[in-house]
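For reference, positions follow the sequence shown, starting with 1. Numbering of ligands and ligand atoms starts at 1, following listing order.
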Amino acid sequence: MKIIFIGPPGSGKGTQAKRLASRFAIPHISTGDMLREAIAEGTELGRQAAPIMASGALVSDDLMIGIINDRLAKADAQGGFILDGFPRTLVQAEKLDGIVGNGSDPLRVLQLLVPDDAIVRRISLRRTCAQCGAIYHLENDPPKTDSVCDRCGAAVIARPDDNEEAVRKRLEAFHRQTLPVATYYKTKRILREVDGIGPVDEVFERIEQSLA
Ligand code: AMP
């Protein structure tokens with residue numbers, strides 16, 4: 001299974017992509033998580049990406065394509081993968097075609113549909129583990145102990161780019177730069193659109209059905 005997840009920020013794609021990865025036992029490759037790790041580790045990549053991410057803008061195509069090229073060359077990605085957050089621009093989508101080629105496993109592209117007003121609400125209640133990246137929702141799925149990750153015990157915080165101004169900019173980037181990617185895959189007839197509104201379990205069922 002080679003799956004690409006497209007969805008606006010806060011659409012639940014990270015949560016759903018993680019589930020799907022464990023269901024199919026394939027790696028969940030989130031470019032956002034990779035960049036956040038680079039920032040936490042203080043690498044050169046992290047240093048370059050941090051201010052761009054905090055503002056809600058997109059990191060350069062060249063940088064992202066390099067990261068994905070290296071990641072998809074690793075042994076664990078040879079049997080399939082779920083891409084969460086890549087490609088986000090048409091240039092990235094075209095480069096990805098060159099990287100994954102025309103293997104026996106065709107790309108399957110899932111687009112989670114969630115309207116903008118629902119997104120702003122969701123993101124204001126989203127919290128993320130600063131260490132392992134586990135995602136919580138203060139109303140629907142809060143950590144058992146306030147602000148402490150159930151899985152690793154680290155602090156659960158609001159992402160720096162989950163503030164109102166950055167969210168507005170991320171939504172704008174999604175509409176202007178990433179929706180054309182969905183159209184690109186629609187033209188290739190490999191896009192599956194899934195309603196992303198509702199409880200996590202229901203959305204996951206819809207995703208499974210769309211892949212069947
Ligand atoms: P995410 O965790 O997917 O919401 O990504 C968080 C931020 O990381 C985005 O707002 C971008 O600044 C950056 N980012 C992640 N993936 C990409 C990508 N494929 N291209 C450009 N920037 C990205």
Side-chain angles (χ1 to χ4, degrees), residues 3-18 20-21 27-41 43-72 77 81-100 107 109-112 114 116 118-120 122-137 156-182 184-185 196:
I3 301 170
I4 291 175
F5 248 101
I6 297 177
S11 58
K13 73 183 157 53
T15 303
Q16 298 292 350
K18 278 181 189 152
L20 211 53
H28 166 228
I29 300 176
S30 156
T31 42
D33 284 352
M34 290 166 85
L35 293 172
R36 280 183 286 277
E37 272 164 34
I39 292 172
E41 287 165 6
T43 66
E44 173 59 23
L45 167 67
R47 206 188 51 72
Q48 286 183 41
I52 303 170
M53 287 175 77
S55 77
L58 294 186
V59 174
S60 79
D61 285 334
D62 281 352
L63 214 53
M64 297 313 300
I65 289 159
I67 293 173
I68 267 311
N69 206 3
D70 292 351
R71 181 63 187 87
L72 292 182
F81 50 77
I82 297 182
L83 287 184
D84 164 5
F86 188 99
R88 256 179 157 101
T89 66
L90 272 180
V91 172
Q92 293 179 14
E94 284 163 4
K95 288 281 180 193
L96 183 66
D97 283 345
I99 296 170
V100 296
L107 276 179
V109 185
L110 283 167
Q111 184 184 7
L112 270 186
V114 179
D116 287 2
I119 281 169
V120 176
R122 277 192 197 190
I123 287 192
S124 65
L125 294 170
R126 172 160 76 179
R127 296 293 181 273
T128 310
C129 173
Q131 185 145 320
C132 74
I135 302 164
Y136 298 93
H137 184 281
V156 169
I157 55 164
R159 273 171 46 171
D161 58 348
D162 275 354
N163 66 76
E164 205 183 315
E165 200 186 327
V167 170
R168 215 175 310 117
K169 193 148 182 197
R170 286 159 67 202
L171 269 176
E172 190 191 304
F174 177 76
H175 284 283
R176 197 163 47 84
Q177 292 167 280
T178 309
L179 278 182
V181 174
Y184 174 79
Y185 291 124

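- Using a cutoff of 4.0 Å between basic side-chain nitrogens and carboxylate oxygens, Lys169 and Glu172 are not scored as salt-bridged.
- Smallest separation of non-hydrogen atoms from Gly7 and Lys13: O-CE, 3.0 Å.
- Gly85 O, 2.8 Å is the protein heavy atom nearest to atom 19 (N) of ligand 1.
- Contact record, Asp33 with Arg36: OD1-NH2, 2.9 Å, taken as the closest heavy-atom pair.
- Between Glu94 and Tyr184 the shortest side-chain heavy-atom distance falls below 4.5 Å.
- The side chain of Arg170, and not its backbone, has at least one atom closer than 4.0 Å to an atom of ligand 1 (non-hydrogen atoms only; side chain from C-beta on).
- Annotation: the span from Arg170 atom CZ to Arg88 atom CZ amounts to 7.5 Å, rounded to 0.5 Å.
- Considering every non-hydrogen atom in both Phe86 and Leu83, the closest pair reads O-CB, 3.4 Å.
- Contacts between Lys13 and ligand 1 below 4.0 angstrom, taking non-hydrogen atoms only, involve the side chain exclusively.
- In terms of protein heavy-atom proximity, atom 7 (C) of ligand 1 is nearest to Met53 CE, 3.7 Å.
- Nearest heavy-atom pair across Val167 and Asp161 is CG2-O, 3.9 Å.
- Not a single N or O atom of Asp161, backbone or side chain, sits closer than 3.5 Å to an N or O atom of ligand 1.
- Within the 4.5 Å cutoff, side-chain heavy atoms of Leu20 are placed close to those of Leu110.
- For atom 5 (O) of ligand 1, the nearest non-hydrogen atom of the protein is Arg88 NH2, 3.5 Å.
- Annotation: Asp33 places no N or O atom under 3.5 Å from an N or O atom of ligand 1; distance criterion only.
- The minimum heavy-atom distance between Pro87 and Ala93, with the atom names listed, is CB-N, 3.4 Å.
- A donor-acceptor pair under 3.5 Å is absent between the side-chain atoms of Ser11 and the main chain of Leu112, judged by distance alone.
- On a distance-only criterion, Ala57 and ligand 1 share at least one N/O pair closer than 3.5 Å.
- Within the 4.0 Å heavy-atom criterion, the part of Leu35 lying near ligand 1 is the side chain and not the backbone.
- The atoms of ligand 1 that sit less than 4.0 Å from any heavy atom of Gln92 are 18 (C), 19 (N), 20 (N), 21 (C).
- For atom 2 (O) of ligand 1, the nearest non-hydrogen atom of the protein is Arg36 NH2, 2.9 Å.
- Put simply, no part of Pro9 is less than 4.0 Å from ligand 1, judged by heavy atoms.
- With hydrogens left out, the protein atom closest to atom 22 (N) of ligand 1 is Val59 N, 3.1 Å, a heavy atom.
- Taking any N or O of Thr31, backbone or side chain, at least one lies under 3.5 Å from an N or O belonging to ligand 1.
- Numbered from 1 in the order shown, with element, the atoms of ligand 1 that lie under 4.0 Å from a heavy atom of Leu58 read 21 (C), 22 (N).
- Every N/O-N/O distance between Asp84 and ligand 1 stays at or above 3.5 Å.
- Atom 4 (O) of ligand 1 has its closest protein heavy atom at Arg159 NH2, 3.2 Å.
- The heavy-atom pair separating Pro9 from Ile119 by the smallest distance is O-CG2, 3.1 Å.
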